[in-house]
Structure formats: C-alpha cells, structure tokens
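Notes follow once the structure below has been shown.
Keep in mind the model is a prediction, meaning the values are calculated, not measured. Atoms within each ligand, like the ligands themselves, are counted from 1 in listed order. Sequence positions, counted from 1, serve as the residue numbers for this chain.
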Amino acid sequence: MRRFFIPPGALSDGTIRVDGDLFRHMARVLRLRVDTAVLLADGTGREFSGVIRAIDRESLVIDVTETSPEPFSGNIPRITLYQGLPKGDKLELILQKAVELGAAEIVPFLARRSVARVKGREEEKLGRWQRLAREAARQSGQRTIPTVSFSPGMPAVVQGARQSVKLMLWEKERGNRLKETLGRFSQPESIAVLVGPEGGFPDDEAETAVQGGFIPVSLGDRIVRTETAGLVMLAILQFYWGDIG
Ligand code: SAM
C-alpha cells in the first residue's frame, strides 16, 4: 500500500483532507480513485490507514480506518550528522543515504575548507534538502521525517551541539581508536557525528570542535571521501547502539 506524509494535526473527526501538492500528486500524477486504500504518516511517528472517500477538483478526503500506536523506539540513540558542505551535489547523495541509515537530523555546515557556494541561496538550498530528506524517508518506509537545517560554520555547530556523545571524524587522530572510544559509553540518548569537507579540517577548526566537547576519532589509515565518512559512521553506530543487526 502506498504511504504518504501528511502534516501533523491533519486528522480531524476521523478524516483527513488533502490539498495542495500532495493532492495533485495523489489525484493527478498517481490518479488514485475513490475507495483506494492508503497509508499516511504525519512525520512525527504516527501512522494511519485509510480509504479515499471523495475527490473533487482541489482536494480529497480520506476516512481513517486505523491509527497505529506510537512506534517503539526503544533506547535507540538519536543521531545527528554535521556534514562540512561538500562540492557540487554530493550533499544530496549524503542526505539521501543518511536518511536511509536512520539519521534523525542532518546539519550541513559551511566548514572553512568548504568550496561550495551557498551564500544568498541558503533558503532555496535548505528547501530542496528538506524535500530530499522527506522523499528518502518515504521511500525507505520510515515514519518520521529527519530534520535538515543549515549552519554557517564550526562555532555555530559547536554552540548548537547538545548530544550526549559527540564524535569528530578526524583522519589525523592517532590516540582515540573508534572501538575503544565507543566502549567508554553506555547506550547514549543522542550522538553527534562531525565530518569535514573534501579538504578536511584545518587544525584550529578541529581544535574549536574539541574545545566544544567533540572527541576526535579516526576510521583508520585509509582516507575515505567525505561522502563515505559520515555514512560509514552511521552504519557503525546503528550496528553498535541502534537498529541494525
Ligand atoms: N584532506 C584530507 C587529506 O587529504 O588527508 C582528507 C579529508 S577527507 C577526504 C574528508 C573528511 O572525511 C575528513 O575531514 C574526515 O572528517 C573524514 N575522514 C576521511 N577519512 C577519515 C579517516 N580515516 N578517519 C577519520 N575521518 C576521516
């Protein structure tokens, strides 16, 4: 059954009215008809089953037949990926895959060595990134839509990062081994993962992160690309503390 995201609070008296872009997608693009069964998610974790009862020129009405209970999230940590803005449209790939791997939040930020130009286009870019995250969540069958926000630089990242465990992927780190570092913590509530852009972090930018509580960790001697680093780390964290395996 097809699943669609609706805004939170859209359910009223057992029905959901759909208009705007979603209406056009359902009625014009997919040509769904009256009596079609659909699955709806409000992006906060609630899910509804329903049947299309009526369609007019600008909206359709769905009768909700079942509301699912809140999903059990256990004590799976909420992971935020802070990604130094990479070149071109690499961020789009990172966003899509990070959502598939269960990141709860993705924060692209303008690192000192980011060469991507976003000045004056932050809002436009953010809108596109949010749409991509929503689509990746829908395609990978998730009930919640990860949040995407933009940060102007490392000082703002450090100021905003309140997670219980904060890790900076730093290829120059020689002391903190990843396995031992993770072993020092019991199941955290939230984790931050910080990844540099193609050029990495200059020493003083890395030092700002360390001063802000980020623990530098290495993925070993192989230098992986920026688009690989965060995804590898998400997979490792989901295996170690999350819902993989
Ligand atoms: N400019 C750096 C160099 O040539 O040595 C490489 C930067 S790397 C392509 C981009 C980012 O990926 C780094 O800032 C870091 O966050 C992450 N990264 C890549 N390989 C890593 C490794 N072996 N350990 C930890 N982080 C790594």
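A salt bridge links Glu100 with Lys97: the distance from a Lys NZ or Arg NE/NH1/NH2 to an Asp or Glu carboxylate oxygen falls below 4.0 Å. The pair Arg143-Asp42 fails the salt-bridge criterion, with no side-chain N (NZ, NE, NH1 or NH2) lying under 4.0 Å from an Asp/Glu carboxylate O. Of the charged side-chain nitrogens involved, at least one lies within less than 4.0 Å of a carboxylate oxygen, so that Lys172 and Asp203 count as a salt-bridged pair.
Below 3.5 Å of separation, one finds no N or O of Val217 facing any N or O of ligand 1. Inclusion of Val224 in the set of residues having an N or O under 3.5 Å from an N or O of ligand 1 is warranted. Geometrically, ligand 1 and Val195 share no nitrogen or oxygen pair separated by less than 3.5 Å. Between Ala229 and ligand 1, no pair of N/O atoms sits closer than 3.5 Å.
Checking Glu171, Arg113, Glu173 against atom 21 (C) of ligand 1, the nearest heavy atom belongs to Glu171. Residue nearest to atom 16 (O) of ligand 1, selected from Ile223, Thr228, Leu169: Leu169 (by heavy-atom distance).
By the 30° and 60° cut-offs, the orientation of the rings of His25 relative to Phe4 is perpendicular.
Close to ligand 1: Pro197, with a non-hydrogen atom less than 4.0 angstrom away.
The closest protein non-hydrogen atom to atom 24 (N) of ligand 1 is Leu219 N, 2.8 Å. Here the protein heavy atom with the shortest distance to atom 11 (C) of ligand 1 is Gly196 O, 3.5 Å. What sits closest to atom 7 (C) of ligand 1 on the protein, heavy atoms only, is Glu198 O, 3.4 Å.
For ligand 1, the atoms closer than 4.0 angstrom to any heavy atom of Gly199 are 1 (N). Listed by number with element, the atoms of ligand 1 under 4.0 angstrom from any heavy atom of Gly200 are 1 (N), 7 (C), 14 (O).
For the pair Ser140 (side chain) and Ala136 (backbone), a donor-acceptor distance under 3.5 Å is present. Remark: side-chain polar atoms of Arg177 are not paired, donor with acceptor, to backbone N or O of Arg174 under 3.5 angstrom.
For atom 4 (O) of ligand 1, the nearest protein heavy atom lies 4.0 Å away or farther.
Glu198 pairs by the side chain to side chain donor-acceptor pair (under 3.5 Å) definition with Lys90, not counting sequence neighbours.
Val148 approaches Pro108 most closely through the heavy-atom pair CG1-CD, 4.2 Å.
If you run side chain to side chain donor-acceptor pair (under 3.5 Å) between Thr80 and each of Arg162, Lys166, Gln163, only Gln163 comes through.
Looking at Arg222 against ligand 1, only its backbone comes within 4.0 Å, counting heavy atoms.
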